Amino acid sequence: MKMKHHQFTNEEIIVFRKKLLAFYDKNKRDLPWRLLAKSLKDSDQRGYAVWVSEIMLQQTQVATVVNYYNNWMKKWPSIASLAGATLEEVNEAWSGLGYYSRGRRLHEAAKKLIESGQPMPKSSKSLVKELPGIGPYTASAIASIAFNEVCGVVDGNVIRVLTRIRMIGADSSSKAVNDFIWELANTIVDEERPGDFNQGIMELGATVCTPKSPQCSLCPLSTLCMSYKKFIIIKVTSKGLKCSKDGNIPNKKEEIIDIENIKSCKFCLADSTPWDSKLGVMNFPRKNKNKSPLAEEYDVAVIQNNNKFLLVQRPNKGLLAGLWEFPLFLRTENSKNEILSLQVEKRFSIKIEKIKEINTITHIFSHRHHTYHVVTGVTEAITDSSSDNEGLKTVWLTKDSLLKSAISTAVKKIFKECEDHEVVQVKSAVKRKREVAVKGQQTLDALFSLQTSKKKKE
């Protein structure tokens, strides 16, 4: 059972639409995908421009996405051009953006469209049904922004805004609450400007109704926000919820309705998690605590031959699928440099020398916490094989080629740590060369010279 106070009246919907669109028109950020959505006449081009932005923006901040988006659209301005790219090129363009399966699925969907000879689907239902990697939110965002379909959207920003405005205190990650938020979003969306409305509510959540330190005094919807009313009322009267119709300081004659304690409503705050006066509107949204991320430790072997480094391509499925990385070995209690050397020899058929422990680096994924124990070593010869003894592809790359390849942020962190240590050693070597003129002493430029790598082995 859900109570009426969690829903909107017709009058409230009218006010919501008017105030939110006015806020968006005045405060919207000039973002490249918004400019393209308004300027492109071809529907497929417009849909593609919005599609790419929505995929990139999943779990990633706008400030991070902008440059990636501009580079992507310059490189692949159309569905056809993306479909003609290789997965390796796509991974390279996505490198550092995280959640790499997003780029791979975007590429798969583009190829599917071109192979079918069909135009881009225009409705939210057909987008979900026909294209891999597109879920309900992405489909609704594309359909409303690019094709003016009257449908709501639900992402983290929308959940935060609506749970606060309607004081929805049940677990926001539950199916029941998620379904109800979608119901609300589809009810309140503006019928004439659905795309702008949806961008407006997401903009509000991103810039005003933020997870921490929300700016309630600047919010255009504060008169509709039940959690804000409760916060003000408790602050003023130190009593339960007692609102006047206009949402201002309560009239003492009005009946007090402490709505979070309506036990028959499955969307109200539970007795076990009551209102916290110190949090105010940040009491919402509520969600169960996430499980602790899986902690894993690895030995990382950064193996060098002259100015080239050994990289291994990860499997095509799973975490960081298809990306290149330094050889990884799951760390055990018995991990030692001697054992690591034997593991490298067994897996790659090469011997490493001058093994040196560099540092320990941590990297947190959304659901995993990796600790890397970084070790460097050198080898005299480069193996002719294009794969290791586990069947994974291998390649030797110069620094320049390595940094341009499809590698994760974690690999970049590891390489920088190694580079910093090598710089210290090389500088001292250069100094000795200048002092004693030792013939053949390596310089920093020689160690990391930007040579054109041989044809990359797939």
Side-chain angles (χ1 to χ4, degrees), residues 44-45 47-60 64-65 67-118 120-121 127 130-135 138 142 309-328 363 365-366 368 385-388 390-398 400-412 414-415 452-458:
D44 277 8
Q45 286 289 90
Y48 172 68
V50 176
W51 178 16
V52 172
S53 71
E54 290 298 335
I55 296 297
M56 286 188 171
L57 287 166
Q58 292 172 10
Q59 306 294 325
T60 309
T64 301
V65 168
N67 285 337
Y68 278 92
Y69 181 83
N70 287 334
N71 292 335
W72 182 285
M73 295 302 292
K74 183 178 180 180
K75 192 176 185 70
W76 300 303
S78 66
I79 296 173
S81 60
L82 176 59
T86 66
L87 180 57
E88 181 74 12
E89 290 172 329
V90 169
N91 283 337
E92 287 177 5
W94 205 274
S95 179
L97 194 54
Y99 299 90
Y100 294 89
S101 62
R102 296 178 298 168
R104 185 178 71 251
R105 289 175 180 170
L106 181 58
H107 182 230
E108 290 173 0
K111 290 173 65 178
K112 182 178 179 180
L113 280 176
I114 296 304
E115 289 169 0
S116 69
Q118 298 297 316
M120 184 172 177
L127 284 163
E130 298 178 27
L131 298 182
I134 293 185
T138 304
I142 295 170
F309 301 85
L310 177 62
L311 280 90
V312 183
Q313 190 174 39
R314 292 183 64 88
N316 290 328
K317 294 183 179 180
L319 181 69
L320 305 175
L323 298 189
W324 294 92
E325 65 184 6
F326 297 115
L328 284 183
H363 189 76
F365 300 94
S366 59
R368 298 189 186 189
S385 176
S386 60
S387 64
D388 64 9
E390 296 178 1
L392 296 177
K393 294 180 181 179
T394 61
V395 67
W396 291 87
L397 297 178
T398 62
D400 188 43
S401 297
L402 185 156
L403 294 177
K404 291 179 180 179
S405 64
I407 58 175
S408 67
T409 301
V411 172
K412 291 178 181 178
I414 292 169
F415 187 77
T452 302
S453 62
K454 294 180 180 180
K455 184 177 181 182
K456 192 181 298 181
K457 295 179 180 179
E458 293 281 323

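Just so you know, residue 1 is the first one in the sequence shown, and it goes up from there. Small disclaimer: the values here were computed from a predicted structure and weren't measured.
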- Decide whether Thr60 and Arg102 meet the rule of one side-chain donor and one side-chain acceptor closer than 3.5 Å. yes
- Partners passing ring-ring contact (aromatic ring centres under 6.0 Å, His included) against Trp76 (at least two apart in sequence or in another chain): Trp72
- Item | Spatial distance of atom CG (Leu131) from atom CE (Met120) [nearest 0.5 Å] | 6.5 Å
- Item | For the student: nearest non-hydrogen atoms of Leu328 and Glu325, plus distance | CD1-OE1, 3.5 Å
- Query: Which word best sums up how the rings of Phe309 and Phe415 line up, parallel for under 30°, tilted for 30 to 60°, or perpendicular for over 60°?
  - Reply: perpendicular
- Under 3.5 Å, side chain of Ser116 to main-chain N/O of Lys112, donor-acceptor pair present? yes
- Task: Would you name the heavy atoms of Gln45 and Ser78 that are closest together and state the gap between them?
- Result: OE1-CB, 3.3 Å
- Query: Do Leu82 and Val52 have side chains that get closer than 4.5 Å, going by heavy atoms?
  - Reply: no
- Query: Do any N or O atoms from the side chain of Gln313 and from the backbone of Gly322 form a donor-acceptor pair under 3.5 angstrom?
  - Reply: yes
- Task: To the nearest 0.5 Å, tell me how far Gln59 CD sits from Leu97 CG.
- Result: 11.5 Å
- Query: Can Glu88 and Trp324 be counted as having a side-chain donor-acceptor contact under 3.5 angstrom?
  - Reply: yes
- Item | Rounded distance (nearest 0.5 Å) linking atom OG of Ser101 with atom OH of Tyr99 | 10.0 Å
- Query: About how many Å separate CD1 of Ile79 and OG of Ser81, when rounded to the nearest 0.5 Å?
  - Reply: 9.0 Å
- Message: Treating His107 as the side-chain partner and Ala85 as the backbone partner, does any N or O pair qualify as donor plus acceptor under 3.5 Å?
- Response: yes
- Item | Test side-chain contact (heavy atoms from CB on, under 4.5 Å) applied to Arg104 and Leu87, step by step | CA-CA 7 Å; Arg104 185 178 71 251; Leu87 180 57; 3.8 Å; yes
- With Tyr69, which residues qualify under ring-ring contact (aromatic ring centres under 6.0 Å, His included), at least two apart? Trp33
- Note on the structure: Here the pair of heavy atoms bringing Gly47 nearest to Ile142 is O-CG2, 4.2 Å
- Rounded distance [0.5 Å steps], OG in Ser95 versus CG in Leu320: 10.0 Å
- side-chain contact (heavy atoms from CB on, under 4.5 Å) evaluation trace for Leu323 with Trp94: CA-CA 10 Å; Leu323 298 189; Trp94 205 274; over 6 Å; no
- Query: Of the non-hydrogen atoms in Glu130 and Pro121, which two are nearest, and what is the gap between them?
  - Reply: OE1-CG, 3.5 Å
- For residues Ala83 and Lys111, report the shortest heavy-atom separation together with the two atoms involved. O-CG, 3.6 Å
- Task: May I ask you to decide if Leu319's main-chain N or O and Arg314's side chain share a donor-acceptor pair within less than 3.5 Å?
- Result: yes
- CG (Leu397) and CG (Leu403) are apart, to the nearest 0.5 Å, by 10.0 Å
- Task: Give the minimum heavy-atom separation between Ile55 and Gly133, together with the two atoms involved.
- Result: CD1-O, 3.9 Å
